[in-house]
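Working notes for the structure below.
Reckoned from all heavy atoms, side chains included, excluding hydrogens, waters and symmetry mates. Residues take their numbers from the sequence shown, with the count starting at 1.
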Amino acid sequence: MLGRELLLVISAVCVTCGAMRYVLTPPAAPPEPPRPATSSEGTCTAPPLLQSSCKLVTYGGTDKGSYIYGGWTLCSEYVTSRSTVFSVGIGGDTSFDASIARRHGARVSCFDPTINAQQFTRTLTRFNLTASERALITFYPFGLAEADDVLPFYHSNDSRFGSLVSTPGLPGYRKEVWLRAPVLRVQTLQFLAGASRIDVLKMDIEGAEWLMFRRRNKSLREWLKCSPPQQIAIEFHDRFYKKMHWVSRLSVQRLLRRCGYSRRHASLPHQEEVLFIRDRVASPDC
């Protein structure tokens, strides 16, 4: 649960990055988010299963001819105006979010603790969304992690790359902390966004996906059993961890397989963006 200590930190923290400075000010003393229901309580709301033959459509990104850079592929017939899409990890690219809102009229909640609302709005401007389309997209300055916390973020040694990572000691990244920012469990993000369910979870969290989908993350596994999204799209950052043998994309895939998901698509040319769909019931060892 979101403890009072973290709420105080979120209310007061100032995130500073060069000239960028903003204050996170959520409502004072919000109620504790509800404890996720467990299957033993009989109140889980698992959505219908998907068909593995679903139609694939790529949203957002830049056309490079033989492939689309930065695009995200989903089973399009399962995204409607009633869908709730969580887009975690934005940086400077909101093409996915704009595409979902424009094509389907679905609500998109966007999360990124390393940019502010003004920067986020500027990235949307170039898509010329209508007022009704823009109203479907909401930004929250929080990240996703296995626990509610405030984490340090580190900048690349290469100034051409603006994405920040929360894993210290990665090759090619500075050792000094660039900023500290709040990160929250998926259940807490869902509570803050007022979403009763998540239909699509898209994650680009710069290497922290390994920590999210560890078997010891009991809170996430319970959520995947009890309130699972139909589609989970993950960008894997294998290139960050070439010398860290404990990191394995297969370990993430095995956990998702136990929780009822199959790999449906992987992007070209490096197969970094991978789509998992829920096409069967979770096993007891999810």
Side-chain angles (χ1 to χ4, degrees), residues 45-112 115 117 119-140 144 186 189-190 192-205 209 227-236 261-279:
T45 55
L49 301 178
L50 273 63
Q51 297 294 321
S52 58
S53 59
C54 60
K55 179 182 177 181
L56 296 174
V57 171
T58 299
Y59 298 86
T62 303
D63 192 347
K64 296 293 186 179
S66 59
Y67 67 97
I68 297 179
Y69 174 78
W72 294 83
T73 300
L74 301 175
C75 291
S76 62
E77 66 259 46
Y78 295 101
V79 185
T80 71
S81 60
R82 300 177 62 184
S83 297
T84 298
V85 178
F86 270 34
S87 178
V88 184
I90 305 301
D93 186 359
T94 54
S95 59
F96 167 81
D97 317 293
S99 181
I100 289 287
R102 173 167 287 162
R103 183 181 179 102
H104 297 290
R107 292 194 174 275
V108 186
S109 295
C110 302
F111 302 89
D112 195 314
I115 60 174
Q119 291 171 311
F120 177 80
T121 299
R122 283 198 298 270
T123 66
L124 277 177
T125 302
R126 66 187 179 95
F127 298 107
N128 297 316
L129 297 174
T130 66
S132 59
E133 290 168 345
R134 177 63 184 88
L136 294 170
I137 303 174
T138 306
F139 173 73
Y140 301 87
L144 175 63
V186 65
L189 294 181
Q190 189 173 344
L192 291 177
S196 60
R197 71 181 192 282
I198 301 173
D199 299 294
V200 176
L201 174 62
K202 170 230 126 184
M203 296 172 49
D204 180 5
I205 55 177
E209 64 270 9
S227 186
Q230 291 183 309
Q231 305 185 65
I232 299 177
I234 304 173
E235 178 172 343
F236 287 97
Y261 291 85
S262 296
R263 185 175 119 155
R264 177 63 179 89
H265 174 81
S267 64
L268 296 174
H270 303 300
Q271 300 192 14
E272 292 187 337
E273 289 87 15
V274 180
L275 172 65
F276 298 91
I277 63 171
R278 183 176 177 270
D279 57 1

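Side-chain atoms of Glu273 never come within 3.5 Å of backbone atoms of Gly70 as a donor-acceptor pair (strictly under, hydrogens ignored). Gln231 places no side-chain N or O within donor-acceptor distance of the main-chain N or O of Phe276, the cut-off being under 3.5 Å. A donor-acceptor pair under 3.5 Å is absent between the side-chain atoms of Tyr78 and the main chain of Val200, judged by distance alone. The backbone N or O of Thr123 lies less than 3.5 Å from a partner atom in the side chain of Thr94, making a donor-acceptor pair. Between the side chain of Arg122 and the main chain of Thr125, no donor-acceptor pair closer than 3.5 Å is present. Formation of a donor-acceptor pair under 3.5 Å by the Thr130 side chain with backbone atoms of Glu133 is found in this model. In this structure a side-chain-to-backbone donor-acceptor pair under 3.5 Å is missing from Arg197 to Pro47. With hydrogens and angles disregarded, a donor-acceptor distance shorter than 3.5 Å links the side chain of Ser95 to the backbone of Gly61. At distances below 3.5 Å, not a single donor-acceptor pair connects side-chain atoms of Arg278 with backbone N or O atoms of Leu50.
Considering every non-hydrogen atom in both Asp279 and Ser262, the closest pair reads OD2-OG, 2.9 Å. Looking at every heavy atom in both residues, Ala98 comes nearest to Leu124 through CB-CD2, 4.2 Å. Between Pro48 and Gln230 the shortest heavy-atom distance is O-NE2, 3.2 Å. Nearest heavy atom pair, residue Leu144 against residue Val186, reads CD1-N, 3.5 Å. In this structure, Pro229 and Tyr261 approach most closely via the heavy-atom pair O-OH, 2.5 Å. Residue Arg263 comes nearest to Gln271 through the heavy atom pair NH2-OE1, 3.4 Å, listed as atom of the first residue, atom of the second, then distance.
Using a 4.5 Å cut-off on side-chain heavy atoms (C-beta onward), Phe236 and Val274 make contact. Between Asp93 and Asp204 the shortest side-chain heavy-atom distance does not fall below 4.5 Å. Between Ile90 and Asp97 there is a side-chain heavy-atom pair separated by less than 4.5 Å.
The aromatic rings of Tyr59 and Phe96 stand perpendicular to each other, their planes meeting at an angle above 60°, with 30° marking the opposite boundary.
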Residue pair Phe86, Leu189: steps toward the side-chain contact (heavy atoms from CB on, under 4.5 Å) verdict = CA-CA 9 Å; Phe86 270 34; Leu189 294 181; 4.1 Å; yes

Given the rule in the side-chain contact (heavy atoms from CB on, under 4.5 Å) test, do Phe120 and Asp112 qualify, once you have shown the distances and angles that lead to the verdict?
-> CA-CA 9 Å; Phe120 177 80; Asp112 195 314; over 6 Å; no

For the pair Leu56 and Cys75, evaluate side-chain contact (heavy atoms from CB on, under 4.5 Å) and give the outcome as yes or no after the intermediate values.
-> CA-CA 5 Å; Leu56 296 174; Cys75 291; 4.1 Å; yes

side-chain contact (heavy atoms from CB on, under 4.5 Å) evaluation trace for Leu74 with Val85 | CA-CA 11 Å; Leu74 301 175; Val85 178; 5.8 Å; no

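Under 3.5 Å, the side chains of Thr138 and Ser109 contain no donor-acceptor pair of N or O atoms.
In terms of the side chain to side chain contact (heavy atoms under 4.5 Å, CB included) criterion, residue partners of Ser83 (sequence neighbours excluded) are, by chain and number, Val79, Thr80, Ala106, Asp199.
Rounding to the nearest 0.5 Å places CZ of Arg107 at 11.0 Å from CD1 of Ile137. Interatomic distance, CG of Leu201 versus CD1 of Ile234, reported as 7.5 Å (0.5 Å rounding). Note: Arg264 CZ to Gln51 CD = 11.0 Å, rounded to the nearest 0.5 Å. Taken to the nearest 0.5 Å, the OG atom of Ser87 stands 13.0 Å off from the OH atom of Tyr140. For the atom pair Ile232 CD1 and Met203 CE, the distance stands at 8.0 Å (nearest 0.5 Å). Taking NE2 of His104 as the reference point, atom OG of Ser76 lies at 6.0 Å (rounded to 0.5 Å).
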